[in-house]
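Keep in mind that what you see is a predicted model, and the values were worked out from it rather than measured.
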Protein chains: 2
Amino acid sequence: MELTRKGEYAIRGIVYLAKQPVGKVVLVSDVADATGVSQTFLAKIFQSFAKLGLVNSFRGTGGGFLLGRPAAKITLRQVVEAVEGPIMPNRCLSGEGMCTREAECMVHPIWRKIQGEVSSILDSVTLEDLAKEKK
Amino acid sequence: MELTRKGEYAIRGIVYLAKQPVGKVVLVSDVADATGVSQTFLAKIFQSFAKLGLVNSFRGTGGGFLLGRPAAKITLRQVVEAVEGPIMPNRCLSGEGMCTREAECMVHPIWRKIQGEVSSILDSVTLEDLAKEKK
DNA sequence: GTAAAAAAGATAAAAAAGGTCTTTAAGGGA
DNA sequence: TCCCTTAAAGACCTTTTTTATCTTTTTTAC
Ligand code: SF4
Ligand code: SF4
C-alpha cells in the first residue's frame with residue numbers, strides 16, 4: 001500500500017517540468033539536480049512518460065524534455081499510473097477469474113470501493129494544481 | 001499500492017474465524033484448508049493476530065484459535081494493519097522530517113487525504129459485516 | 001508420560017525495487 | 001562532414017521485500 005520511490009521521483013520530476021515556463025525545454029540533468037534524484041534513474045522514468053505522451057522529448061544539442069500537453073490536462077493519476085501501473089489495492093481487481101472466491105466474497109467490494117476513491121482523488125488533481133506555490 | 005498475499009490471507013483467515021459459532025476453537029490447519037493458504041504461513045499470520053489480541057490461542061490438545069473479541073469490534077483496518085503495518089500511501093506520512101521538501105510540497109496533502117479516505121473505509125467495515133453471507 | 005497443538009526462530013527461494021552502465025540513435029553547429 | 005550533445009534502449013547488477021518452509025520449543029489435555 002505504499003508508493004515506490006520510482007513513483008515519488010516521477011511526481012517530483014514532472015511537477016518540476018510543470019513549474020517551467022510554457023514551451024521551455026529542460027535537461028534531464030537539471031531536473032535530477034533540482035529534485036534530488038539520480039539522473040539515470042529519472043531518465044528511465046521520463047522515457048515512460050514520453051511513451052505515453054505525458055512529456056515530449058528532443059535529442060541532441062538544445063534537447064531535453066517538456067510537458068506533452070498543458071499542465072491542467074495531466075492528472076496525478078496519469079503520472080502515478082504511468083510508472084506504477086493501474087491503481088489496484090488488491091490483485092482480484094485486475095479482472096474476472098483472478099479469484100475463485102470472488103462470487104461469495106464480501107471483501108472484494110471493499111477493495112473496489114477503495115480503488116474508486118483513490119482513483120477519484122488522484123484524478124481530481126492536475127499538474128497545474130501541483131505546480132502552484134504553497135500559500 | 002497493492003495488498004500483499006500475507007494481507008489477503010490474513011483477511012481470509014480471520015473472516016473464517018468470524019464465521020464460526022461464537023466460542024468455537026478451530027485448528028489453524030482447518031482454517032488453512034478452508035481458505036486455501038499454506039498452514040505454516042497462516043500460522044505465522046495468526047501469531048501476529050494473537051500478539052495484538054485480535055485472536056486468542058490455546059496450545060495443546062483441543063487447542064486452536066478463536067476471535068479475541070466480538071466480530072463487530074474488529075475492523076478490517078485492524079486486520080490489515082496487523083500484518084501490513086500502518087496504512088501509508090507514501091513514506092513522508094510516517095512522521096515529521098521524513099522529507100525536507102514537505103514544507104513547500106503540494107503533493108503531500110494529497111497523500112494525507114488518501115490515507116484518511118482509505119483508513120476511513122477500512123475502519124467502517126467489521127468482521128461481523130464480512131462474515132455475513134452474500135445476498 | 002505422551003500426543004497434540006501453537007510459539008518462536010532460523011533458513012531460503014523468488015520476486016520486486018532501485019538503481020547503473022553501455023551502446024545506439026538523433027540533432028545541431030563548426 | 002565530423003564532432004558534440006542529448007535522449008532512447010536495453011543489458012546488467014545489488015539490495016530489499018515477499019513468500020514461504022523447516023526445526024525446535026513450549027504449553028496443554030488426557
Ligand atoms: S477472497 Fe475476495 S478479496 Fe480476496 S482475492 Fe478473492 S475476491 Fe479478492
Ligand atoms: S516531495 Fe512531497 S510528496 Fe514527495 S516525499 Fe516529500 S513531502 Fe512527500
Legend entry - Nearest heavy atoms of A:Trp111 and A:Leu93, plus distance in Å: O-CD1, 3.7 Å
Inset, instruction - Go through C:dA6, C:dA25, C:dT20 for me and flag the one nearest to the B:Arg59 side chain. - result: C:dA6
Legend entry - Nearest-Å distance for atom pair CZ/P, residues B:Phe41 and C:dA12: 18 Å
Inset, instruction - Taking A:Arg69 for its side chain and A:Lys73 for its backbone only, find out whether a donor-acceptor pair lies under 3.5 Å. - result: yes
Inset, instruction - Could you check whether A:Phe65 gets within reach of a base, just the sugar-phosphate, or nothing at all, counting any heavy atom under 4.0 Å? - result: sugar-phosphate
Inset, instruction - Answer with base, sugar-phosphate or nothing: what part of the nucleic acid does A:Lys44 contact at a heavy-atom distance below 4.0 Å? - result: base
Legend entry - Shortest non-hydrogen contact between A:Asn90 and B:Glu8, atoms and distance: ND2-OE1, 2.9 Å
Inset, instruction - Please state how far atom CD in A:Gln47 lies from atom C1' in C:dA25, giving the value in whole angstrom units. - result: 12 Å
Legend entry - Cluster link B:Val26 to B:Tyr9, ILVMFWY, side chain under 4.5 Å: yes
Inset, instruction - Report the C-alpha separation of A:Lys132 and A:Glu128 in whole Å, then their side-chain angles, then the decisive distance to 0.1 Å, and conclude whether the salt bridge (Lys or Arg N to Asp or Glu O under 4.0 Å) test is met. - result: CA-CA 7 Å; A:Lys132 286 177 189 154; A:Glu128 189 177 40; 6.0 Å; no
Inset, instruction - Identify, between B:Gly64 and A:Lys6, the residue whose nearest nucleotide on DNA chain C lies closer to the 5' end. - result: B:Gly64
Inset, instruction - In sequence, state the C-alpha distance, the side-chain angles, and the governing distance for B:Asp123 and B:Ser120, and then conclude on side-chain hydrogen bond (donor to acceptor under 3.5 Å, both in side chains). - result: CA-CA 5 Å; B:Asp123 268 335; B:Ser120 146; over 6 Å; no
Legend entry - Any donor-acceptor N/O pair under 3.5 Å between C:dG27 base and A:Thr61 side chain: yes
Legend entry - Nearest-nucleotide 5' precedence on DNA chain C, A:Gln39 against A:Gly62: A:Gln39
Legend entry - Under 4.0 angstrom between A:Arg5 side-chain N/O and C:dG18 OP1 or OP2: yes
Legend entry - Nucleotide C:dA15, atom P - distance to CZ of A:Arg91 in whole Å: 12 Å
Legend entry - C:dT20 OP1/OP2 closer than 4.0 Å to side-chain N/O of A:Ser38: yes
Legend entry - For A:Ala18 against A:Ala71, the heavy-atom pair lying closest together: CB-CB, 4.3 Å
Legend entry - Residues within residues 9-33 of chain A bordering DNA chain D, heavy-atom distance below 4.0 Å: A:Leu27, A:Val28
Legend entry - Protein-nucleotide distance (B:Lys51, atom NZ; C:dA7, atom C1'), rounded to Å: 9 Å
Inset, instruction - Side-chain contact test, heavy atoms from C-beta onward, threshold under 4.5 Å: evaluate it for B:Leu3 versus A:Arg91 and give yes or no. - result: no
Inset, instruction - To the nearest Å, give me how far apart CD1 (B:Ile45) and P (C:dA6) are. - result: 14 Å
Inset, instruction - Return yes if some donor-acceptor pair links the side-chain N/O of A:Glu81 with the main-chain N/O of A:Ile87 below 3.5 Å, else return no. - result: yes
Legend entry - Where chain B begins and ends its contact with DNA chain D, read 5' to 3' at 4.0 Å from heavy atoms: D:dT19 to D:dA29
Inset, instruction - With heavy atoms under 4.0 Å as the rule, sort A:Phe58 into base, sugar-phosphate or nothing. - result: sugar-phosphate
